[in-house]
> 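Handing you a structure now.
Residues take their numbers from the sequence shown, with the count starting at 1.
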Amino acid sequence: MNAHVPTMFLMLIVVSGTLAVAVSTVARSRNRDGMVWWSAGLLLYTAAYLLYSRRGQISDVYTVVLANVALITVTALFAEGLLQFQQRRLSRWWFWSAVPITALFFSVFIDKLAYRVIVGSAITAAQCTVLLVILLQKRRETVGRGQYFVASGLLAAVAVFVYRAAVAASDPASVSPSFDASAVGITTVLVSVICLILLGMGFVLMTKERADERNRVLAMRDELTGLANRRSVIASLTQQMAQAQRIALPLTLLILDVDHFKRINDSFGHLSGDLALQNLASLLQTRLRTQDIFGRFGGEEFLIILPNTGAADALRLTESLRVSVATTRFESLNGESMPVTISVGLHTQRLGTDQHCDDMISAADQALYRAKDSGRNRVEVFSPPAGVVPVALDLFPQA
């Protein structure tokens, strides 16, 4: 079966135009995820090949010079989009300088097809290589598999343009426009279609995967303090309890509460109260160990999970946290000193027992209330009377 290159060329225009429209509809400039640059590149790519398709019908200034300048500009726009996606600031000269160079060269050698093919293919391959390097430099920070679609598209583009330049350099007489029925022309058009699909869909997938990851993180984080939120920290506690029971290691849970927090809000304002919680979270994070898990339980209450930590060691650590808070100056938004102290309830899971997460939280919560009843700004350890099991709390009551 023989390839009908004009049909393939039309397919290339339709695919690029469709991708351009599709990406443009989801691009939002305020998101600053590179989609606007990428959609602009796809639109310009479609325009470039529309100009190519008019060769012999309109002036070569448009179908040769302007069309090739447009194609080189496409890669520059893609680079801008990729850098914005990665939130990087790099010098732009190495990809934007190719635009005036291409315009000058193609204007001077407008009648030299072999020269144009060699230089144009070399410039495009070089720009795609630079794009690939930019992409791979941040591959570890980029989540998901979309980046590999983009990388595959760029690799394919580099390969086909290097191939095209090499053929033109070795046999200038065999050079023909990319949409002629030659092996090089057929390969160029076919690979271009594949590259477009990989680049367009790959970049859209990259932005979606990053947005999904951000949403996942936000769903597990407390908005005010940046700590693990209630659901996340309880999930961590359940996991840590199962592990501690499986390998017979001690596990301690702390519930801490800011003393008289309502007074702080009433005296200094709710924004200063929020600031106190943020500063408290930052202070405690610097005092905790790497393996400790810290989260906001709700309001002015926090949970701290201390893996592989018995009651005695946990009590020493907790007392140091309490003293650090009591001796730290907390300032309101107006610079006034706010009296911030904490009360803490401590419970260590008993080895060999099959406790539930709710049981452990209930025990620590009872110790916390005893700390409050005993004057606040203190640590209390849960110690149930003989034969008494703490009543489990309903952590997620139904509305």
> I'd like to know if the side chain of Arg54 pairs up with that of Gln57 as donor and acceptor (distance under 3.5 Å, no hydrogens or angles considered).
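Their side chains do contain a donor-acceptor pair, which is all the 3.5 Å distance test asks for.
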> Can you confirm whether Val340 sits close enough to Phe261 that some side-chain heavy atom of one is under 4.5 Å from a side-chain heavy atom of the other?
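Answer no - side chains too far apart.
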> So, does Glu319 use its side chain to make a donor-acceptor pair with the main chain of Val379 at under 3.5 Å?
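Answer holds: no.
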> Between atom CG of Leu237 and atom CD1 of Ile293, what is the distance when rounded to the nearest 0.5 Å?
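It is 8.5 Å, given to the nearest 0.5 Å.
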> Could you tell me whether Asp266 and Lys262 have a side-chain N and a carboxylate O separated by less than 4.0 Å?
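A salt bridge links Asp266 with Lys262.
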> Looking at Ala228, is its backbone amide N or carbonyl O close enough to the side chain of Ser232 to form a donor-acceptor pair, meaning the two atoms are under 3.5 Å apart?
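A pair under 3.5 Å: no.
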> Would you call Arg88 and Gln137 a side-chain contact if the rule is heavy atoms closer than 4.5 Å?
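They are in side-chain contact.
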> Which atom pair, heavy atoms only, marks the closest approach of Thr46 to Ala20?
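Heavy atoms only, the tightest pair is OG1-CB, 4.3 Å.
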> To the nearest 0.5 Å, what is the distance between OH on Tyr163 and OG1 on Thr187?
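Between Tyr163 OH and Thr187 OG1, I get 5.0 Å after rounding to 0.5 Å.
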> Looking at Arg210 and Glu213, does any basic side-chain N land under 4.0 Å from a carboxylate oxygen?
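Between Glu213 and Arg210 there is no salt bridge, as every charged N stays at least 4.0 Å from the carboxylate O atoms.
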> I'd like to know if the side chain of Asn279 reaches the main chain of Ala276, judged simply by a donor and an acceptor atom lying under 3.5 Å from each other, with no hydrogens or angles considered.
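Not at all, since once roles are kept as given, no pair shorter than 3.5 Å links the two residues.
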> Please determine whether residues Tyr52 and Ile118 belong to a single hydrophobic cluster, defined as Ile, Leu, Val, Met, Phe, Trp and Tyr linked transitively by side-chain heavy-atom distances below 4.5 Å.
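No, it is not one cluster - the side chains of Tyr52 and Ile118 are not joined through contacts under 4.5 Å.
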> More than 12 foreign heavy atoms under 6.0 Å from CZ of Arg145: is that the case here?
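It does not: Arg145 CZ has 12 such atoms or fewer within range.
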> Are Asp257 and Lys372 within salt-bridge range, i.e. N to O under 4.0 Å?
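Yes, Asp257 and Lys372 are salt-bridged.
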> Can you check whether Phe203 and Phe85 have ring centres sitting under 6.0 Å from each other?
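When the ring centroids of Phe203 and Phe85 are compared, they turn out to be within the sub-6.0 Å range.
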> In terms of the angle between their ring planes, are Phe382 and His347 parallel, tilted or perpendicular, with boundaries placed at 30° and 60°?
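It falls in the perpendicular class, over 60°.
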> Hydrophobic clustering (ILVMFWY, side-chain heavy atoms < 4.5 Å, transitive) - are Val167 and Val158 grouped together?
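No, Val158 and Val167 fall in different hydrophobic clusters.
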> Ignoring hydrogens and angles, tell me if any N or O in the side chain of Thr142 forms a donor-acceptor pair with the backbone of Arg139 under 3.5 Å.
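Absent.
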> Report the C-alpha separation of Met201 and Phe149 in whole Å, then their side-chain angles, then the decisive distance to 0.1 Å, and conclude whether the side chain to side chain contact (heavy atoms under 4.5 Å, CB included) test is met.
CA-CA 8 Å; Met201 299 310 298; Phe149 286 92; over 6 Å; no
> Set out, in order, the CA-CA distance, both residues' side-chain angles and the distance that settles side chain to side chain contact (heavy atoms under 4.5 Å, CB included) for Leu196 and Tyr45, then state yes or no.
CA-CA 9 Å; Leu196 269 177; Tyr45 190 95; 3.4 Å; yes
> Identify the heavy atoms of Thr225 and Asp222 that sit nearest to each other, and give their distance.
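For Thr225 and Asp222, the tightest heavy-atom pair comes out as OG1-OD2, 2.7 Å.
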> Determine whether Val143 and Tyr148 fall in the same hydrophobic cluster, where Ile, Leu, Val, Met, Phe, Trp and Tyr are linked whenever their side-chain heavy atoms lie under 4.5 Å apart.
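No, because Val143 and Tyr148 fall into different hydrophobic clusters, even though each may have its own neighbours under 4.5 Å.
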> Give the minimum heavy-atom separation between Val325 and Thr341, together with the two atoms involved.
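Closest approach of Val325 to Thr341, heavy atoms only: CG1-CA, 4.0 Å.
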> State plainly whether the residues Asp292 and Arg289 are in salt-bridge range, i.e. N to O under 4.0 Å.
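A salt bridge links Asp292 with Arg289.
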> How close do Phe161 and Ser121 get, counting heavy atoms only, and between which atoms?
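Nearest heavy atoms, Phe161 then Ser121: O-CB, 3.3 Å.
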> Please examine the side chains of Tyr62 and Asp60, heavy atoms only from C-beta on, and report whether any two atoms are closer than 4.5 Å.
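Side chain of Asp60 against side chain of Tyr62, heavy atoms only: no contact under 4.5 Å found.
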> Are Val130 and Val162 connected in a single hydrophobic cluster, I mean Ile/Leu/Val/Met/Phe/Trp/Tyr linked by side-chain heavy atoms less than 4.5 Å apart?
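No: no chain of side-chain contacts under 4.5 Å links Val162 to Val130.
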> Taking Gln349 for its side chain and Leu249 for its backbone only, find out whether a donor-acceptor pair lies under 3.5 Å.
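No: the side chain of Gln349 does not pair with the backbone of Leu249.
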> Find out whether Ser343 and Leu256 are in side-chain contact, i.e. whether some heavy atom of one side chain is under 4.5 Å from a heavy atom of the other.
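They are not in contact (no side-chain heavy atoms under 4.5 Å apart), so the answer is no.
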> Determine whether a donor-acceptor pair (N or O, by modelled atom type, separation under 3.5 Å) exists between the side chain of Thr207 and the backbone of Val204.
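Yes, Thr207 side chain to Val204 backbone: donor-acceptor pair under 3.5 Å.
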> Do Arg329 and Glu331 sit within salt-bridge range, that is, some charged N less than 4.0 Å from a carboxylate O?
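Counted as a salt bridge, because a side-chain N and a carboxylate O are separated by less than 4.0 Å.
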> Tell me, with the steps shown, if Ile72 and Gln127 meet side chain to side chain contact (heavy atoms under 4.5 Å, CB included).
CA-CA 8 Å; Ile72 298 301; Gln127 285 191 303; 3.3 Å; yes
> Mark yes or no for whether Ser16, through its side chain, and Ile13, through its backbone, hold a donor-acceptor pair below 3.5 Å.
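Yes: the side chain of Ser16 pairs with the backbone of Ile13.
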> Quick one: do Phe297 and Leu227 end up in the same hydrophobic cluster if we chain Ile, Leu, Val, Met, Phe, Trp and Tyr together by side-chain heavy atoms under 4.5 Å apart?
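Each belongs to a different hydrophobic cluster.
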> Would you mind telling me which of Leu277, Val258, Asp259, Leu275 makes a side chain to side chain contact (heavy atoms under 4.5 Å, CB included) with Ile264?
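Result for side chain to side chain contact (heavy atoms under 4.5 Å, CB included) with Ile264: Val258.
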> Quick check: are there more than 12 heavy atoms from other residues, nucleotides or ligands sitting under 6.0 Å from CE of Met11?
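It does: Met11 CE has more than 12 such atoms within range.
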> Heavy atoms only: give me the nearest Cys357-Ile234 pair and the separation to one decimal.
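Minimum heavy-atom contact is SG-CG2, 3.7 Å.
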> Where do Arg55 and Thr63 come nearest, in terms of heavy atoms and distance?
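Here Arg55 and Thr63 meet closest at NH2-O, 3.1 Å.
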> Between Ile361 and His356, is any pair of side-chain heavy atoms under 4.5 Å apart?
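The answer is no; the side chains never approach within 4.5 Å.
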> Hey, mind stepping through Asn229 and Arg221 against side chain to side chain contact (heavy atoms under 4.5 Å, CB included) and telling me if it holds?
CA-CA 5 Å; Asn229 62 16; Arg221 291 289 166 185; 5.8 Å; no
> Which value, rounded to the nearest 0.5 Å, describes the distance between Thr252 atom OG1 and Met360 atom CE?
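CE of Met360 is found 6.0 Å from OG1 of Thr252.
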> Once you round to the nearest 0.5 Å, how far does CD of Gln147 lie from CD of Glu209?
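Going from CD on Gln147 over to CD on Glu209, the span is 8.0 Å.
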> Calculate, to the nearest 0.5 Å, the distance between atoms CH2 and CD belonging to Trp37 and Glu80 respectively.
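Trp37 CH2 to Glu80 CD: 4.5 Å, rounded to 0.5 Å.
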> Checking the side chain of Arg92 only, and the main-chain atoms of Leu90 only, is there a donor and an acceptor separated by less than 3.5 Å?
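Yes, Arg92 side chain to Leu90 backbone: donor-acceptor pair under 3.5 Å.
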> Has the side chain of Asn334 got a donor or acceptor atom that lies under 3.5 Å from a matching backbone atom of Glu336?
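It does not hold such a pair.
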> Given the rule in the side chain to side chain donor-acceptor pair (under 3.5 Å) test, do Arg32 and Gln87 qualify, once you have shown the distances and angles that lead to the verdict?
CA-CA 9 Å; Arg32 298 190 61 79; Gln87 299 179 346; over 6 Å; no
> Could you measure the distance from the CG atom of Leu321 to the OG1 atom of Thr286? Nearest 0.5 Å is fine.
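So the gap between those two atoms works out to 9.0 Å.
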> Enumerate donor-acceptor pairs with a distance under 3.5 Å from any side-chain N or O in residues 105-116 to protein atoms, sequence neighbours excluded.
residue : atom : partner : partner atom : Å
Ser107  : OG   : Ala103  : O            : 2.6
Arg116  : NH1  : Ile110  : O            : 2.5

> Does the pair Glu301/Arg296 count as a salt bridge with the N-to-O cut at 4.0 Å?
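Not counted as a salt bridge, because no side-chain N and carboxylate O are separated by less than 4.0 Å.
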> Looking at Arg263, I want to see if its CZ is surrounded by more than 12 non-hydrogen atoms of other residues, nucleotides or ligands under 6.0 Å.
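Atom CZ in Arg263 is not packed in, count stays at 12 or less.
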> Would a distance-only check, ignoring hydrogens and angles, find a side-chain to backbone donor-acceptor pair under 3.5 Å from Asp313 to Thr309?
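No, because the side chain of Asp313 does not come within donor-acceptor range (under 3.5 Å) of the backbone of Thr309.
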> Determine whether Gln366 and Glu380 satisfy the following criterion, side chain to side chain donor-acceptor pair (under 3.5 Å), listing intermediate values before the conclusion.
CA-CA 9 Å; Gln366 291 181 39; Glu380 287 287 344; over 6 Å; no
